[in-house]
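We're numbering straight along the sequence, starting at 1. Predicted model, so just to flag it, every value in this text is computed and none were measured.
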Amino acid sequence: PKEPGMEYRGVSALGVGALLEFRFLPLVGVELGALQIPRKFQYSTTIPVASVTTHEVKVYEFPALLRFHLGHLLSFGIGGYYARATGNVSVTTEIGGSKSTVNKNFSELGKTDTDYRLVSSLALTFRLMALTRLLFDGRYTAGLKNNSTAAGGDTKFNDMQLLAGIQFGF
């Protein structure tokens, strides 16, 4: 998000999920998935006092990508995803070493609980044994939806993600 007087930073988070690819050509497939990745970010302000605020909420992402394979090691994908946040947003504010946490709903924050974005992906796979590979997938997501409900507000999320896991295939 970009708002005057605030500096936003992404914060690392750990999630889980599953991806499934359907190949319709030897080197081209469609990848569908379901991921649960917390959305976590911080912003700092200096006016009226110096503070750091962290927002965290559970988000379910449903990506769909067209994936192109360059041999058995490298692939790249392009597509989009729909996401929906669940529950309240945990908002932790730190001022002068003192922290306080409150839970707020999306309407209190002037935000929506859904999102959609473009996704680009670059994946590496390494063979572990027959039909089993180690996967590292770097993704960049570019927000398309204005998540602000405030008049004149413009909040779009752009993220970098690193997915790691085990890939099974025939």
Q. Will you find, in the side chains of Arg67 and Ser121, an N or O donor that is under 3.5 Å from an N or O acceptor?
A. yes
Q: Mind checking the OG-CE spacing from Ser120 to Met160? Nearest 0.5 Å is all I need.
A: 8.5 Å
Q.
Quick one, Val30 with Leu66, criterion side chain to side chain contact (heavy atoms under 4.5 Å, CB included). Give me CA distance, side-chain angles, the key distance, then yes/no.
A. CA-CA 5 Å; Val30 173; Leu66 186 60; 4.2 Å; yes
Q: Assess the side chains of Tyr81 and Arg117: does a donor N or O sit below 3.5 Å from an acceptor N or O?
A: yes
**Q.** Where Pro38 and Leu14 come nearest, the two heavy atoms and their spacing
**A.** CD-O, 3.3 Å
Q: May I ask you to check whether Ser107 and Asn105 show a side-chain donor-acceptor distance below 3.5 Å?
A: yes
Q) What are the two closest heavy atoms between Gly153 and Asn146, and how far apart are they? A) O-ND2, 2.8 Å
Q | Given Asp159, Leu122, Asn158, Val119, the one that forms side-chain contact (heavy atoms from CB on, under 4.5 Å) with Tyr140 | A | Asn158
(Q) Ignoring hydrogens, what is the shortest heavy-atom contact between Leu135 and Ala123? Give both atom names and the distance. (A) CD1-CB, 4.0 Å
(Q) So, taking the atom named CG in Asp137 and the one named CG in Leu65, what distance separates them when rounded to the nearest 0.5 Å? (A) 8.0 Å
Q) Under the criterion side-chain contact (heavy atoms from CB on, under 4.5 Å), which of Asp154, Thr112, Leu109, Thr114 is the partner of Asn147? A) Thr112
Q: Would you give the length of the straight line joining atom NZ of Lys111 to atom OG1 of Thr149, rounded to the nearest 0.5 angstrom?
A: 7.5 Å
**Q.** Whether Tyr82 and Phe62 hold their rings parallel, tilted or perpendicular, with breakpoints at 30° and 60°
**A.** parallel
Q) Roughly how far apart are Glu56 CD and Gln42 CD, rounded to 0.5 Å? A) 11.0 Å
Q) Nearest heavy-atom pair of Pro63 and Leu19: which atoms, and what distance? A) CG-CD2, 4.2 Å
(Q) I'd like to know if Leu25 and Leu20 are part of one continuous hydrophobic network [Ile/Leu/Val/Met/Phe/Trp/Tyr, side-chain heavy atoms within less than 4.5 Å]. (A) yes
Q. If you round to the nearest 0.5 Å, how far is OG1 of Thr101 from CD of Glu94?
A. 10.0 Å
Q | Any side-chain donor near an acceptor of the partner, Glu61 and Gln161, under 3.5 Å | A | yes
Q.
Determine whether Phe68 and Leu27 satisfy the following criterion, side chain to side chain contact (heavy atoms under 4.5 Å, CB included), listing intermediate values before the conclusion.
A. CA-CA 6 Å; Phe68 302 91; Leu27 300 177; over 6 Å; no
Q | SB check Arg139 Glu31 (cutoff 4.0 Å) | A | yes
Q. So, for Tyr43 and His55, is the gap between ring centers shorter than 6.0 Å?
A. yes
**Q.** Nearest-0.5 Å distance that lies between atom OG in Ser100 and atom CD1 in Ile95
**A.** 7.0 Å
Q: Would you check if there is a donor-acceptor pair between the side chains of Thr125 and Gln167 at a distance under 3.5 Å?
A: no
Q) Of the non-hydrogen atoms in Lys40 and Ser12, which two are nearest, and what is the gap between them? A) CD-O, 3.8 Å
Q: Write down the atom of Leu32, the atom of Ala64, and the distance for their closest heavy-atom approach.
A: CD2-CB, 3.7 Å
Q: Taking atom NZ of Lys145 as the centre, report whether more than 12 heavy atoms of other residues, nucleotides or ligands fall under 6.0 Å from it.
A: yes
Q) Do you see a donor-acceptor pair shorter than 3.5 Å between the side chains of Ser51 and Thr45? A) yes
Q: Please check if the side chain of Asp115 supplies one atom and the backbone of Ala83 the other of a donor-acceptor pair under 3.5 Å.
A: no
Q.
Please say yes or no: joined through hydrophobic side-chain contacts below 4.5 Å, possibly via intermediate residues, are Leu124 and Leu163 part of one cluster?
A. no
